[in-house]
> 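Sharing a structure with you now.
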Amino acid sequence: MNRYRSHNCNQLRKGDIGKKINLSGWINKKRDHGNILFVDLRDNYGITQCIISKDNKNFNELEKIQLESVVQINGEVVDRSKDTINKDIKTGEIEIKIESFKVLGSCKELPLPVFSDQEYAEEIRLKYRFLDLRRKKIHENIILRSKIISFIREEMNKLGFLEFQTPILTSSSPEGARDFLVPSRLNPGKFYALPQAPQQFKQMIMVSGFDKYFQIAPCFRDEDARSDRSPGEFYQLDLEMSFVEQDDVFEVVEKLLVNTFKKFSNKKLLFEKFPKITFSESMLRYGTDKPDLRNPLVIQDITEIFLRDDVSFEIFKKLIKSGSKARCIVTKDTKNKPRSFFDGIDKWAKDQGSSGLAYFTVEKDKDFFAKGPIGKFFSLNAIKEIMKKTGAKEGDSIFFSCGKKTELEKITSLARNKIADELGLIDENVFAFCWIVDYPMFEQDENDNKIKFSHNPFSMPQGDLSKLNYDKPLEILAYQYDIVCNGIELSSGAIRNHIPELMYKLFSIAGYDKKRVDEKFSGMINALSFGAPPHGGIAPGIDRIVMLLANEKNIREVTMFPMNQNAQDLMMNAPSEVKEEQLKELSLSLKLKK
RNA sequence: GGGGGUGUAGCUCAGUUGGUUAGAGCGAUCGCCUGUCACGCGAUAGGUCGAGGGUUCGAGUCCCUUCACUCCCGCCA
């Protein structure tokens, strides 16, 4: 009870009838019957119907008030007759007989309706985000986000993790994404960078002996947006543990995610013990390192088939001789699908920039035969061999693609999703988690053939460290892992390399000499030289977890104040120009491109 | 940086083969209405058809350029 309200708008029930109360909230909706006026009053908690009739001296004034104005209503809780009960709201058995009211915050004409299920252009939603956030769906998403974060904090505390903050102004790192830079006034010509992740700090925390750390950490990366990637900033559940191996990290994270997803969603978990898929297996079977395991389709390599003399599909044969591979996707029992289904997939593949998807369907007359545009290129024995190799049965169709490894992976991965979509094979009521493990330590850049770190340069290589074959760096695997859920990369992590000599060695393979490593990672290398514990961790993306649990396809639907695709905040007008004096103070001058 | 989609009233959208004065619903304003809960009924106001250029007797509609938003590719250790 305070001067504004005695109850909230979701509180009053039959038992409160007769009470004199006051409520404060927004006018969600008015229904004006001329001599009687219904006002739906809304606050964070719910809606209460209030009613006023012409004989009240305040009637005419209330009738004129704009929707979304904030008012305080004083009145009495009264019963509703049976036929006027509203079962859709918790307070639907009662209503408030208005005695007097007061406008606490008036509202201009609205640029977008608040009370409506309609969808609106994002531009206007982002500009008036404070109005958009009043709307039911997104209001609930943001509340869900808060609850999920609280829950995660509690769970982490229970598991013995300590929460620490790490600096927001730090140094630029040469690896990874583009940095956001902040000029230093006191150090002219020098810049801070916003952290892409608290990676080095959390390792320092381990070196400092704190054993288990976590943080709901803001991360800043100046990269272009996607529907599941906010431009600029996002949050990770950053965590790190000392004296652990990969499986210790897995155990903690699996427990946390299973608990969280069970608590906040009714969808089923396909696996409570997340399957572990090696990076190379994932690239072959799914064409990507973030496979959607709800999708039962798999990709198989059948390059050899096209080397047979009784297969005369010359286009593929020629490509394969020049180093291409052939892979296929088998769809179960699709012989009765119309020609348009197959041609549609083929056309779609061409639209994706590939040379299309060849296909045939295995049918049986006296014996098996391949029906479809390329069926005639395969002998009976070849068809039988394909069936044996791929597990295809009569009535199944097989889609083929041929190309260089990388492009082949890309198109088959997309095709796997596309075909499953077309066939309705994805169960939307399921979460399918998996671990992707055994990432290669290095990869070769396709453009300049240079050896680069494939993931995180601070990861620990696998195997007997004294016997690592540095002459074949591409064969070195790392204790590096990702969590994927429904095809979305939720997090990546690693057991870290805590041995400075090994670090120098690995960096030298990626083209960094000792001097450069000392320069760029001085803090880190220095720290590891003073007694560092073996340690490792991971950093699940909070926004994406909330997105999955809120059943949203766009990250902005679970972000309170997101920027648009061009990294602009339309509500706050950021980024914006600054005064000449501010630039001067920072020793900066602008050289804008025309 | 590249490709796709969208852009018409405050909001959501329709607008035929290029053809009269560009429409609807919601919202706004005014009026009527005592039981609605997407209340109902009547009227009024509200338009640089994203912008610029072109073709044409005539352009919301066709062509070119450009801008904004969005989705995707690149990028994201």
Side-chain angles (χ1 to χ4, degrees), chain A residues 28-42 47-56 59 63-64 66-68 78 80-89 91-92 95 107-128 131-132 173-179 196-197 199-200 219-232 234 290 351-353 407 410-411 414 439 441-443 446-447 452-459 478 480 482 489 492-494 506-507 510 512 520-521 539 541 553-554 556 564-566 568 570:
Chain A
N28 194 56
K29 190 73 190 165
K30 284 186 299 188
R31 289 175 295 281
D32 189 350
H33 291 234
N35 288 310
I36 185 170
L37 169 68
F38 297 98
V39 175
D40 289 342
L41 196 69
R42 183 196 73 237
I47 286 181
T48 302
Q49 173 168 286
C50 306
I51 182 168
I52 188 168
S53 61
K54 193 116 195 179
D55 49 31
N56 186 307
F59 182 91
E63 201 182 21
K64 294 281 174 285
Q66 294 277 357
L67 296 184
E68 293 306 312
V78 296
R80 288 207 208 183
S81 70
K82 243 192 194 135
D83 52 327
T84 61
I85 286 173
N86 183 352
K87 285 182 189 125
D88 296 334
I89 54 175
T91 60
E95 61 195 9
C107 180
K108 298 197 289 191
E109 188 178 342
L110 294 165
L112 63 95
V114 170
F115 174 65
S116 166
D117 293 329
Q118 237 166 40
E119 307 238 9
Y120 303 92
E122 289 226 54
E123 197 173 358
I124 199 128
R125 292 183 56 194
L126 294 184
K127 183 166 180 195
Y128 297 97
L131 290 177
D132 191 39
S173 72
E175 287 284 321
R178 209 174 288 119
D179 281 319
Q196 295 181 25
Q199 180 63 37
Q200 295 191 55
C219 302
F220 305 90
R221 295 177 193 174
D222 187 3
E223 299 294 341
D224 288 349
R226 287 288 183 277
S227 57
D228 64 350
R229 200 165 83 202
S230 288
F234 61 96
K290 33 188 179 193
D351 289 344
Q352 299 302 308
E407 62 193 61
K410 196 177 281 172
I411 188 65
L414 290 171
Y439 277 83
M441 189 83 213
F442 299 101
E443 66 188 6
E446 278 189 21
N447 300 318
K452 303 190 317 184
F453 286 107
S454 74
H455 235 79
N456 182 326
F458 303 124
S459 302
Q480 168 85 48
D482 276 13
E489 183 190 320
S492 57
L506 294 171
F507 266 101
Y512 294 81
K520 285 294 171 188
F521 304 104
K553 294 226 158 26
N554 193 302
R556 292 186 296 276
N564 70 7
Q565 194 162 46
N566 295 326
Q568 299 159 337
L570 300 175

> Taking atom P in both rU65(B) and rG4(B), what distance in whole Å separates the two?
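About 12 Å, rounded to a whole number of Å.
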
> Tell me: CD of E407(A) to C1' of rG74(B), nearest whole Å?
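These atoms are roughly 16 Å apart.
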
> Picking from rG74(B), rU70(B), rC69(B), which would you name as closest to the side chain of Q568(A)?
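That would be rC69(B).
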
> To the nearest angstrom, how far is L41(A) atom CG from rU36(B) atom P?
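Result: 21 Å.
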
> Return the orientation label for the F507(A) and F453(A) ring planes: parallel under 30°, perpendicular over 60°, tilted otherwise.
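Answer is perpendicular, since the angle exceeds 60°.
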
> Please tabulate the protein-to-nucleotide N/O contacts below 3.5 Å involving nucleotides 3-11 of chain B, giving atom names and distances.
| residue | atom | partner | partner atom | Å |
| --- | --- | --- | --- | --- |
| rG10(B) | O2' | P111(A) | O | 3.2 |

> With both distances kept under 3.5 Å, what pairs with rA59(B), Watson-Crick or G-U wobble?
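Pairing partner, where one exists within any strand: none, as none qualifies.
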
> For rC49(B), which nucleotide in any strand shown is its Watson-Crick or wobble partner with both distances under 3.5 Å?
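Result: none.
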
> Nearest whole Å is fine: how far is rU70(B) C1' from L126(A) CG?
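Rounding to the nearest Å, CG of L126(A) and C1' of rU70(B) are 11 Å apart.
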
> Is there a donor-acceptor contact under 3.5 Å from the side chain of Q66(A) to the main chain of E109(A)?
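Not at all, since once roles are kept as given, no pair shorter than 3.5 Å links the two residues.
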
> Could you tell me whether D228(A) and K553(A) make a salt bridge, using a distance below 4.0 angstrom between a side-chain N and a carboxylate O?
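Salt bridge between D228(A) and K553(A), a charged N being under 4.0 Å from a carboxylate O: no.
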
> For D179(A) and rC75(B), what is the distance between atoms CG and C1' respectively, to the nearest whole Å?
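Those two atoms, CG and C1', are 14 Å apart.
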
> Between Q66(A) and I51(A), just flag the one whose closest nucleotide in RNA chain B comes earlier from the 5' side.
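Its nearest nucleotide lies further toward 5', so the answer is Q66(A).
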
> Relative to the 5' end of RNA chain B, which residue comes earlier, Q565(A) or K54(A), by the nucleotide with the nearest heavy atom?
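Result of the comparison: K54(A).
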
> Roughly how far apart, to the nearest Å, are rA14(B) and rU6(B) at atom C1'?
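Each nucleotide's C1' atom is 15 Å from the other's.
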
> Reading nucleotides 37-42 of chain B 5' to 3', which nucleotides get B (base under 4.0 Å from a protein heavy atom), which S (sugar-phosphate only), which -?
BSB---

> Are R125(A) and D132(A) close enough for a salt bridge, meaning some N to O gap below 4.0 Å?
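Answer for the salt bridge query: yes.
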
> Could you tell me the Watson-Crick or G-U partner of rA22(B), where both distances fall under 3.5 Å? Say none if there is no partner.
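Across any shown strand, rA22(B) pairs with none.
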
> Rounding to a whole Å, what distance do you find between R229(A):CZ and rC71(B):P?
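Rounding to the nearest Å, CZ of R229(A) and P of rC71(B) are 12 Å apart.
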
> May I ask you to verify whether the side chain of R221(A) and the base of rC76(B) hold a donor-acceptor pair under 3.5 Å?
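For R221(A), whose side chain was compared with the base of rC76(B), there is no donor-acceptor pair (under 3.5 Å).
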
